[in-house]
Amino acid sequence: MESMSIPELPLLASPSSYSIPVQGLGTAVYPFRASEQSREKEAILSAIKVGYRHFDTAAAYQTEQVLGEAIGEAISLGLIKSRDELFVTSKLWCCDAHPHRVLPAIQNTLKNLRLEYLNLYLIHWPVSLKTGSYDFPVNKEHLLPIDFKGVWEAMEECQKLGLTKSIGVCNFSCKKIETLLATAKIPPAVNQVEMNPVWQQKKLRELCKRKGIVVTAYSPLGGKGTPWESNVVMECEVLKQIADAKGKSLAQVCLRWLYEQGVSFVVKSFNKERIKENVEIFDWELNPEELEKIDQIPQKRGYLAFEFIADQGPYKSPEEFWDGEV
């Protein structure tokens, strides 16, 4: 397989000259379980062969171990010389989102991955859980408010100890980013959020740009294979027309659009052809008229986070969880 060179974005909040590959391979398969391991490993190896260097996992996905095995195999096969060629992201699950649980959690993640350090460690959701359960959906009776200051201080400690090169957050609204920045000594390098042409996150992107935070888009092709299962992106007529006119796939149009917005993104596929196709987006561009059409697409958030909303929990409604960004 021919290997592509994937551009990188500087992580302004991290040590100098540090950057994140624009495109990464996601490893979340819903429902989260460890049963797809052989397919997952093959997908990761295929991705490395065509040029992917950024891999996104999480404690909750149950894919840390298989990613670690695939990295070891890639080195032994000579696909990469060392782990240092890769950018590995993992995430702190809600049950570990307590100041005293962060360090043991990243140590467990590194053990699963068989790595000495992560490139990026993210707080997965702005909420905590009482118990040590990685189950999803979560037990709503166990939902707790997150201690933003305390948990972030523990994340900063992970970076200072060299267990991760950079730290960041996922699913943080503008308001929650501001709350974090009010006490942070090290600002988050990344905010990973749902983003695609049907949920463009303009307000959040503007804030992150002002604060020097890179946005990473998850569900860049919409919600197929996710808890909220939606085909609204892949069935969008505007995107279909642009794809047909350009002789590209609809997925390629979505990913090229994200690239032109100056964000990074993680896209999941087990299909070797699609893994290769998804990376073939860096040698053509969308014209101003096409960008204007995408800009006019009606906006709708895919994931409202109902799993984290409960009358007795810290968030009583999607509006509260996302601080009105729905």
Side-chain angles (χ1 to χ4, degrees), residues 26-37 39-40 56-67 89-98 101-102 104-106 108-109 112 121-148 151 168-173 176 191-196 198-199 201 216-234 266-270 300-326:
T27 62
V29 182
Y30 189 76
F32 302 146
R33 58 180 183 271
S35 62
E36 300 274 5
Q37 295 215 339
R39 283 178 74 209
E40 194 89 49
D56 182 272
T57 184
Y61 300 165
Q62 298 180 41
T63 54
E64 289 175 333
Q65 283 176 315
V66 73
L67 175 55
T89 299
S90 195
K91 308 181 192 81
L92 177 81
W93 187 238
C94 310
C95 64
D96 292 322
H98 302 275
R101 291 284 313 142
V102 176
I106 194 172
N108 194 52
T109 277
N112 287 339
Y121 195 44
L122 304 173
I123 297 175
H124 207 150
W125 292 95
V127 66
S128 297
L129 286 168
K130 281 178 198 171
T131 56
S133 168
Y134 294 87
D135 292 343
F136 187 84
V138 303
N139 182 337
K140 291 191 178 188
E141 290 176 13
H142 295 161
L143 290 168
L144 292 171
I146 189 170
D147 172 2
F148 287 102
V151 171
V169 295
C170 300
N171 302 299
F172 270 47
S173 65
K176 290 178 178 65
N191 186 15
Q192 187 181 124
V193 293
E194 180 189 350
M195 180 183 163
N196 53 57
V198 178
W199 187 242
Q201 294 274 22
T216 296
Y218 70 75
S219 296
L221 310 179
K224 193 167 179 358
T226 63
W228 61 101
E229 196 63 53
S230 161
N231 286 334
V232 67
V233 175
M234 299 305 280
V266 291
V267 60
K268 184 187 84 242
S269 180
F270 282 145
K300 187 173 189 284
R301 182 187 284 280
Y303 186 53
L304 292 171
F306 281 114
E307 281 81 359
F308 299 106
I309 288 155
D311 289 340
Q312 75 280 17
Y315 305 109
K316 315 285 191 278
S317 68
E319 287 73 23
E320 213 177 307
F321 189 92
W322 299 109
D323 298 301
E325 296 169 21
V326 291

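Numbering starts at 1 and runs along the sequence shown. For clarity, every value in this text was computed on a predicted model and none was experimentally measured.
Atom CG in Asn196 sits 10.0 Å away from atom OH in Tyr218 (nearest 0.5 Å). Atoms CG and CZ, from Leu304 and Phe321 in turn, are 10.5 Å apart once rounded to the nearest 0.5 Å. Lys91 NZ to Ile106 CD1: the interatomic distance, rounded to the nearest 0.5 Å, is 13.0 Å. A distance of 5.5 Å separates CD in Gln201 from CZ in Arg301, rounded to the nearest 0.5 Å. Of the inter-residue distances, the one linking Cys94 atom SG with Leu144 atom CG reads 10.5 Å to the nearest 0.5 angstrom. In this structure, Phe308 CZ and Leu129 CG are separated by 7.0 Å, a value rounded to the nearest 0.5 Å.
Using modelled atom types, one finds no donor on one side chain facing an acceptor on the other under 3.5 Å when comparing Glu194 with Ser219. Of the N and O atoms on the side chains of Ser90 and Glu64, at least one donor lies less than 3.5 Å from an acceptor on the other residue.
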Exercise for the section: May I have the step-by-step check of side-chain contact (heavy atoms from CB on, under 4.5 Å) for Tyr61 and Asp56, ending in yes or no? Expected result: CA-CA 10 Å; Tyr61 300 165; Asp56 182 272; 3.9 Å; yes

Practice task
Could you walk me through whether Asp96 and Asn108 pass the side-chain contact (heavy atoms from CB on, under 4.5 Å) test, one step at a time?
Solution key: CA-CA 11 Å; Asp96 292 322; Asn108 194 52; over 6 Å; no

Exercise for the section: Could you please spell out the steps behind the side-chain contact (heavy atoms from CB on, under 4.5 Å) verdict for Thr216 and Leu122? Expected result: CA-CA 11 Å; Thr216 296; Leu122 304 173; over 6 Å; no

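When the side chain to side chain contact (heavy atoms under 4.5 Å, CB included) test is applied to Pro137, the partners found at least two apart in sequence or on another chain are Tyr30, Glu307. Partners of Asn191 by side-chain hydrogen bond (donor to acceptor under 3.5 Å, both in side chains), not counting sequence neighbours: none found. Shown here are the ring pair (Phe, Tyr, Trp, His ring centres under 6.0 Å) partners of Phe172, two or more places apart in sequence or in another chain: Phe148. The side-chain hydrogen bond (donor to acceptor under 3.5 Å, both in side chains) search around Ser133 returns Asp135, not counting sequence neighbours. The side chain to side chain contact (heavy atoms under 4.5 Å, CB included) check on Pro314 picks up Val127, Leu143, Pro145, with sequence neighbours excluded.
The two residues His124 and Ala58 have their closest heavy-atom pair at CE1-CB, 3.7 Å. In terms of heavy-atom proximity, Thr109 sits nearest to Ala59 at OG1-CB, 4.4 Å. Across Trp199 and Lys300, no two heavy atoms sit closer than the pair CE3-C, 3.4 Å. Nearest heavy-atom pair across Lys268 and Gly26 is CG-O, 3.5 Å. The two residues Val233 and Leu221 make their nearest non-hydrogen contact at CB-O, 3.5 Å.
For residues 315-326, the pairs satisfying side chain to side chain donor-acceptor pair (under 3.5 Å) are Ser173-Asp323, Lys176-Asp323, with sequence neighbours left out.
Between Lys140 and Asp311 there is no salt bridge, since no side-chain N of the basic residue sits under 4.0 Å from a carboxylate O of the acidic one.
Using a 4.5 Å heavy-atom cutoff, the side chains of Ile309 and Pro318 are in contact. Side-chain contact between Phe136 and Trp93: present, with at least one pair of heavy atoms (C-beta onward) separated by less than 4.5 Å. With a 4.5 Å cut-off on side-chain heavy atoms, Thr89 and Val266 do not count as touching.
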